[in-house]
Amino acid sequence: MTARRKARSAFTLVEMLLVLAVLVAFTTIAWPSFQRLYATQFLLEGAEQVRLQFAATRTRAIESGIVYQFRWEPDGRRYLSLPYEAELDLPAEGEGEIQDDLSGNVARRYVGELPEKLTFVGGKDAGGQSLPADLFASFPDADKLAAVAWSEPVLFQPDGTAVDGELIVGDPTGRNVALVLRGATGAVTVSPIQQELRTNGK
């Protein structure tokens with residue numbers, strides 16, 4: 001009796017193959033759902049990154065007392081936040097946030113990018129406008145930034161208000177998220193994920 005129990009303490013090859021087959025079948029069934037979940041979270045995190053930059057641009061306008069603009073690269077990944085007044089020539093030393101004294105206030109510029117594989121696929125007044133090269137003179141990749149056809153500016157006033165705006169972040173599968181800015185409050189709402197591309201506010 002003891003010998004039989006000892007003999008059954010190990011798995012047979014057939015049993016191991018059966019367990020392996022069950023695991024493979026389970027993984028095959030579950031993997032697409034896991035991929036969709038990951039892609040969904042990735043897209044939402046990209047949209048949240050932009051929403052936070054909208055909020056940061058509004059804060060910069062309030063703190064500095066000057067009008068700020070937010071622009072993005074249609075069909076690209078780059079975005080920027082900087083003072084709107086053309087006469088403000090603020091130096092920059094690298095990608096990221098740069099601050100300078102300006103008439104007793106603090107002015108900041110920021111250049112960033114969406115995570116890889118996400119792009120700005122449309123939005124209200126997406127346009128395509130080049131900016132003066134000297135705005136990017138001290139940034140890394142200054143030539144590339146100056147060559148970008150930027151969107152029309154979304155303007156933030158020192159009193160916390162803004163102009164109405166919308167932009168859309170999309171992934172390679174054609175899914176997208178719209179970020180809608182309400183000018184009167186400066187608040188941003190993020191839409192549910194959509195499969196159909198929305199353009200021009202439609």
- prompt: Mind checking what makes side chain to side chain contact (heavy atoms under 4.5 Å, CB included) contact with Thr161, not counting sequence neighbours?
  reply: Gln157, Asp159
query: Taking only residues two or more places apart in sequence or in another chain, which ones pass ring-ring contact (aromatic ring centres under 6.0 Å, His included) with Phe70?
result: Phe54, Tyr79
query: Closest heavy-atom contact between Ala47 and Val190?
result: CB-CG1, 4.3 Å
From CG (Leu18) to OG1 (Thr12), nearest 0.5 Å: 9.0 Å
Interatomic spacing from OG1 in Thr173 to CD1 in Ile193 - rounded to 0.5 Å: 8.5 Å
message: For a side chain to side chain contact (heavy atoms under 4.5 Å, CB included) check, start with the C-alpha distance between Leu181 and Phe156, then their side-chain angles and the critical distance, and finish with the verdict.
response: CA-CA 11 Å; Leu181 172 66; Phe156 291 83; 3.8 Å; yes
query: Who passes side-chain hydrogen bond (donor to acceptor under 3.5 Å, both in side chains) against Gln53, sequence neighbours left out?
result: none
message: The criterion is side-chain hydrogen bond (donor to acceptor under 3.5 Å, both in side chains); which residues satisfy it with Gln69, sequence neighbours excluded?
response: Arg71
- request: Look at the side chain of Glu73 and the backbone N and O of Leu80, then say whether any donor-acceptor pair between them is shorter than 3.5 Å.
  value: no
- prompt: Does any N or O in the side chain of Trp150 come within less than 3.5 Å of the main-chain N or O of Leu145, such that one atom is a donor and the other an acceptor?
  reply: yes
- prompt: How would you list, by chain and number, every residue that makes a side chain to side chain contact (heavy atoms under 4.5 Å, CB included) with Pro158, sequence neighbours excluded?
  reply: Val67
- request: Any chance you could measure Gln49, atom CD, to Leu114, atom CG, to the nearest 0.5 Å?
  value: 6.0 Å
- request: Please tell me if the side chains of Leu179 and Phe120 come closer than 4.5 Å, counting only heavy atoms from C-beta onward.
  value: no
- prompt: Measuring from Leu118:CG to Asn176:CG, what's the distance to the nearest 0.5 Å?
  reply: 11.0 Å
field: Heavy-atom closest contact (Pro74 atom, Ala149 atom, distance)
entry: CD-O, 3.2 Å
query: Which residues, ordered by chain and number, are linked to Leu23 in its hydrophobic cluster, where ILVMFWY side chains connect at heavy-atom gaps below 4.5 Å, directly or through other members?
result: Val19
- line: Tightest non-hydrogen contact, residues Glu116 and Arg77, listed as N-NH2, 3.7 Å
- prompt: Does any pair with a residue in residues 47-57 pass salt bridge (Lys or Arg N to Asp or Glu O under 4.0 Å), and if so which ones, sequence neighbours excluded?
  reply: Glu48-Arg51
field: Nearest-0.5 Å distance, CG of residue Leu155 to OH of residue Tyr68
entry: 13.0 Å
message: Among residues at least two apart in sequence or on other chains, which ones pass side-chain hydrogen bond (donor to acceptor under 3.5 Å, both in side chains) with Gln41?
response: Glu45
message: Determine whether Val154 and Trp72 satisfy the following criterion, side chain to side chain contact (heavy atoms under 4.5 Å, CB included), listing intermediate values before the conclusion.
response: CA-CA 9 Å; Val154 176; Trp72 67 94; 3.8 Å; yes
statement: With sequence neighbours left out, the residues meeting side chain to side chain contact (heavy atoms under 4.5 Å, CB included) with Ile62 are Arg58
Partner residues of Thr185 under the side chain to side chain contact (heavy atoms under 4.5 Å, CB included) criterion, sequence neighbours left out: Arg182, Ala187
message: Going by side-chain hydrogen bond (donor to acceptor under 3.5 Å, both in side chains), name the residues that satisfy it together with Ser81, two or more places apart in sequence or in a different chain.
response: Thr57, Arg60
field: Smallest separation among heavy atoms of Ala146 and Ser130, with atom names
entry: O-CB, 4.4 Å
field: CA sep, side-chain torsions, deciding dist, call: Asp75, Thr119, side chain to side chain contact (heavy atoms under 4.5 Å, CB included)
entry: CA-CA 6 Å; Asp75 300 317; Thr119 56; 6.0 Å; no
